[in-house]
Amino acid sequence: LLPTRDREAEVREAAEAQAMAAMMARSEAKAQARAYKLTSDRREALLGCVEEAQSMYGKAGKQWTQTALDIFIKDINEQLHKFSPAQRNRVNKMYNAVKEAQTARRQRAQREMQRDRTSFEASASKYKGMDISIRSAVGSEGNVDGRGESCAQDLGDMGKQ
C-alpha cells in the first residue's frame with residue numbers, strides 16, 4: 001500500500017508544480033506587459049514634454065531653449081527604433097521642424113551679414129575669386145612689352161625697333 005500512496009503524492013506534487021509554473025508564467029507575462037506599458041507611457045510623456053517645449057521654441061523670451069531642444073530632439077531621433085510607429089511619426093515631425101528652424105536661422109544670419117557689410121568688405125568679396133595679374137594692369141593694350149599702344153605712338157618709329 002505504501003508504494004501506491006507515494007506514487008499518488010508524486011503525481012499530486014507534479015500537478016502542483018505544473019500549476020505553479022503556469023501561474024508564474026502568467027505572472028511574468030503580466031509583469032512584462034506592465035513594464036512595456038510603463039515604458040511606452042514614459043516615452044509618450046517624454047514626447048508630450050518635448051512637443052510643449054517646441055511650441056515655445058520661437059516665442060519671444062524663450063530663445064534659450066533652442067540649443068538644448070535641438071540636441072535633445074536629435075538624440076531622440078537617433079533612438080527612433082525604440083519608439084512605436086505613431087511615436088516615430090511625431091519624432092520625425094519634430095526633427096524636421098528643428099532642421100527647418102536651423103536652416104532658417106543660418107539663412108537669416110547670412111542675410112544680416114550681407115546687409116551689415118561695408119563697401120570695402122563687399123568689394124573684397126567680389127574681387128576675392130577674380131584672377132587679376134599685376135603685369136597686365138592699366139595701360140596694357142596688347143603690346144608685348146606691356147607699355148601699350150599709346151606709348152608706341154608717342155615714340156613713333158623708335159618704339160618698333
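Scope of the values below: all heavy atoms of this structure, side chains included, with no hydrogens, waters or symmetry mates. We count residues from 1, following the sequence as given.
Looking at R108 and R105, their side chains come closer than 4.5 Å, going by heavy atoms from C-beta outward.
Here the CD atom belonging to E13 is positioned 12.5 Å from the CD atom belonging to Q18, to the nearest 0.5 angstrom. How far CG of N77 is from CZ of F72: 12.5 Å, rounded to the nearest 0.5 Å.
A donor-acceptor contact shorter than 3.5 Å links the side chain of E121 to the backbone of T118. With hydrogens and angles disregarded, a donor-acceptor distance shorter than 3.5 Å links the side chain of T103 to the backbone of K99. Of the possible donor and acceptor atoms, one in the side chain of S55 sits under 3.5 Å from a partner among the backbone N and O of E52. Judged by distance alone, with hydrogens and angles left aside, the side-chain atoms of Q87 form a donor-acceptor pair with the main-chain N or O of S84 at under 3.5 Å. One N or O on the side chain of T39 and one on the backbone of A35 form a donor-acceptor pair closer than 3.5 Å.
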Item checked: side chain to side chain contact (heavy atoms under 4.5 Å, CB included) assessment of I76 paired with Y95 -> CA-CA 9 Å; I76 290 174; Y95 185 72; over 6 Å; no
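When the options D70, L69, I71 are evaluated for a side chain to side chain contact (heavy atoms under 4.5 Å, CB included) with T67, the one that passes is I71.
Residues that satisfy the side-chain hydrogen bond (donor to acceptor under 3.5 Å, both in side chains) test with D75, not counting sequence neighbours, are absent from this structure. With sequence neighbours left out, the salt bridge (Lys or Arg N to Asp or Glu O under 4.0 Å) criterion links R43 to no other residue.
Closest of all the heavy-atom pairs between M94 and Q54 is CG-OE1, 3.0 Å.
One hydrophobic cluster holds both L46 and L80 under the rule that ILVMFWY side chains link at heavy-atom gaps under 4.5 Å.
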